[in-house]
Amino acid sequence: MNYLVTVAIFIGIQAIAANGLNVIVGYAGQISLGHAAFFGIGAYASALLTTKAGMTFWQALPFVLLITGSIGLLLGMPSLRLREDFLAVTTIGINFIVESIFQYIPFFGGALGISNIPSIRLFGTRLRGWPFLGVVAFFLLLSLLANRKFTKSCAGLACFAIREEETAAASMGVSPVRFKLLAFVIGTAMAGIAGALYAHTMRFIAATDFGFPHSVNFMSMVVLGGIGTLWGPTLGAIILGLLPEIFRPLIQYRMLINALILLLMIRFQPGGILGGSSVLARLFRRRPSHG
Amino acid sequence: MDEIILEVRAVCMQFGGLHAVENVSFVQRRGEILGLIGPNGAGKTTLFNVISGVYRPTSGSVLFKGRDTTGFPPHRMAELGLGRTFQIVRPFPDLTVIENVMVPLHLARYRNILASFTSWNTKTIRSEALRLLEETGIADLAELRAGLLPLGNQRKLELARALALQPALLLLDETFSGLRHEEIDIIANLVRKVREKGISILLIEHNMKVAMGLSDRVVVLDHGRLLAEGDPESVRRNPAVIEAYLGKGSMSYAS
Ligand SMILES: Nc1ncnc2c1ncn2[C@@H]1O[C@H](COP(=O)(O)OP(=O)(O)OP(=O)(O)O)[C@@H](O)[C@H]1O
Ligand SMILES: [Mg+2]
């Protein structure tokens, strides 16, 4: 039972991050292959604020959001100038840079990472197992609600317009700069929350937890489940989270399998399981354009 | 009626060594339908892109509603009241036709992050969008994905979207090409109706019958330069204009 709860916690955390990536990639149409960097920034921010500044998880949370969101704003700038393919490479570069900063700068614990991260407490009790899963589920629900609200807002419509045809969107009063950056801020802030939850469940983090392969993992979840759909990223996180648990021997090939799934989906079912023309999509449909 | 809505002052636009627009100046009065004609590659679309902020001119300036808007980004020009269509149509392909029109209808909300978090799919906006689709004759296609429409209907959609901005000046880049005869008449009437509401229209058109029939005045470009300017009749008889078109063999009176 404990084992299942642990698996569910990790799936939930990854789903939150994948929902964030969906805002950037699915709603605003901006490629990002460096999402794990923001997951990491959230994790390190919360770990440092709780271990070094003595805050609780809940006190640190607003700062975590602020820090990841602002860095997301800063690192979203390249999306304003670069073509898609260059942006893909740039975001990968950002991922490697952030990972090396964690790895080599002593302030971030260097190769040893940060340990003894406190558990989350609520009303004086330490949350482990089921109660922690409850907190994760709460934030997952929040991220889904936020995404639903976003797709129904004018800001969401502006992002769809930019995704579909940037020049036309601009000629209709939509500032590409403003709304791309907004998508990056929302998306990276969600990754930040997920990262913070990760730090406090693991209680030990190191730079390699946030490397480029993890960005590929997040992207695979979004693409597998259905890019730009409300439930797709969560479904993708569940499938990719369960697969290696069910097929134990596959666990060492996890990254390879993720990359393979990404390529196969893009080739044969670009809309993902819940997207576009798939059977499931019609049963379970949440096209962004229809809110 | 003598107020000036648009002034193009000595605009030059170079791409590398290519002078796409060279030292072009003209003015458009408020409420006027001004035709912009010229052979292929004359620089008409480039001039539209300069006016609407897609390109910053190499030199020269653009004055819109009496204010220097040179180098303003396209979304600022839209906010100021400039609507445009694209020669190579640019619908939002995965959105439905009605959603395409709802994008510009929220113009005022995009200027403010807080306002942009209000809901976009409201009854009032929907019925306003539907009204525009009825005006342009594609209301029955409202729920179709815009990418599935044939070219003619995509051009009407572009017109509906531009009108949704409630612009003071409307730039139409070959909106009539790809339309059938009866469709041309319908859209031409719509353009006249739009002008009656006080909206100024600058239109690029290869179909001379349409261009001359609609325009109060005509500006002719050739090789990036201003070749002639005046009322349709005098421009039509201008030897330099005839020469430019005969040279390219493209002065067509058919559609
Ligand atoms: N972005 C660009 N980069 C380089 N050259 C360009 C660019 N845009 C236009 N040109 C060139 O500028 C010249 C003018 O093109 P433009 O599209 O403005 O002509 P046009 O009058 O609209 O022609 P048409 O009637 O065929 O639409 C052409 O030689 C074209 O190849
Ligand atoms: Mg042109």
Side-chain angles (χ1 to χ4, degrees), chain A residues 23 26-29 69 73 80-81 145-186 189 226-229 270-272 275-277 281 285-291, chain B residues 48-49 52-54 72-86 88-96 98-122 125 143 145-147 154 157-158 161-162 164-167 171 173:
Chain A
V23 176
Y27 299 155
L73 180 72
L80 308 179
R81 305 208 155 268
L145 283 174
N147 278 9
R148 206 171 90 103
K149 171 85 182 146
F150 188 70
T151 55
K152 287 174 181 290
S153 72
C154 294
L157 185 65
C159 284
F160 301 153
I162 291 170
R163 174 190 74 194
E164 301 280 308
E165 231 306 333
E166 191 172 327
T167 307
S171 81
M172 260 149 249
V174 173
S175 158
V177 173
R178 171 175 302 164
F179 289 101
K180 279 185 194 177
L181 288 181
L182 180 66
F184 269 95
V185 169
I186 295 174
I227 196 161
T229 63
S277 52
R285 188 169 165 125
R286 278 291 188 285
R287 287 291 299 167
S289 56
H290 298 261
Chain B
F48 264 28
N49 284 333
S52 64
V54 175
F72 276 32
H75 71 273
R76 281 283 292 138
M77 295 308 291
E79 284 170 9
L80 290 176
L82 186 106
R84 70 165 295 185
T85 67
F86 295 92
I88 297 163
V89 289
R90 295 174 181 273
F92 305 122
D94 250 356
L95 304 189
T96 62
I98 194 164
E99 286 164 356
N100 264 260
V101 181
M102 289 164 87
V103 172
L105 283 174
H106 289 292
L107 173 73
R109 293 186 184 84
Y110 302 133
R111 304 164 74 153
N112 174 316
I113 288 284
L114 276 184
S116 74
F117 280 105
T118 55
S119 172
W120 61 266
N121 198 355
T122 63
I125 294 290
E143 299 303 330
R145 279 182 48 214
Q154 288 189 343
L157 174 58
E158 291 237 327
R161 285 195 312 194
L165 292 169
Q166 296 195 300
L171 308 186
D173 198 344

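Each chain gets a letter, A, B and so on, in the order the sequences are listed, and its residues count up from 1. Everything numeric in this text was worked out from a predicted model, so none of it was measured.
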P167(B), part contacting chain A, at a heavy-atom distance under 4.5 Å: neither
With sequence neighbours left out, write down each residue that passes salt bridge (Lys or Arg N to Asp or Glu O under 4.0 Å) with R145(B), or none if nothing qualifies. D94(B)
Which is it for L95(B) and E165(A) under the side-chain contact (heavy atoms from CB on, under 4.5 Å) test, yes or no, and what are the steps along the way? CA-CA 11 Å; L95(B) 304 189; E165(A) 231 306 333; over 6 Å; no
Can you tell me which of A78(B), A108(B), P74(B), S116(B) forms the most heavy-atom pairs within a distance under 4.5 Å of chain A? S116(B)
Would you mind checking which part of P73(B) comes under 4.5 Å of any heavy atom in chain A, side chain (CB onward), backbone (N, CA, C, O), both or neither? neither
Side chain from CB out, backbone as N, CA, C, O: work out which of these in N49(B) comes under 4.5 Å of a heavy atom of chain A, or both, or neither. neither
Output, in order, the C-alpha distance, side-chain angles, deciding distance and verdict of side-chain contact (heavy atoms from CB on, under 4.5 Å) for V54(B) and R84(B). CA-CA 11 Å; V54(B) 175; R84(B) 70 165 295 185; 3.7 Å; yes
Would you find a donor on one side and an acceptor on the other, under 3.5 Å apart, between the side chain of R109(B) and the backbone of S153(A)? no
Checking heavy atoms, do the side chain of F86(B), its backbone, both or neither come under 4.5 Å from chain A? side chain
Check whether any side-chain N or O of W120(B) sits under 3.5 Å from a backbone N or O of A155(A) as a donor-acceptor pair, and report yes or no. no
Region of S52(B) that comes under 4.5 Å of a non-hydrogen atom in chain A: neither
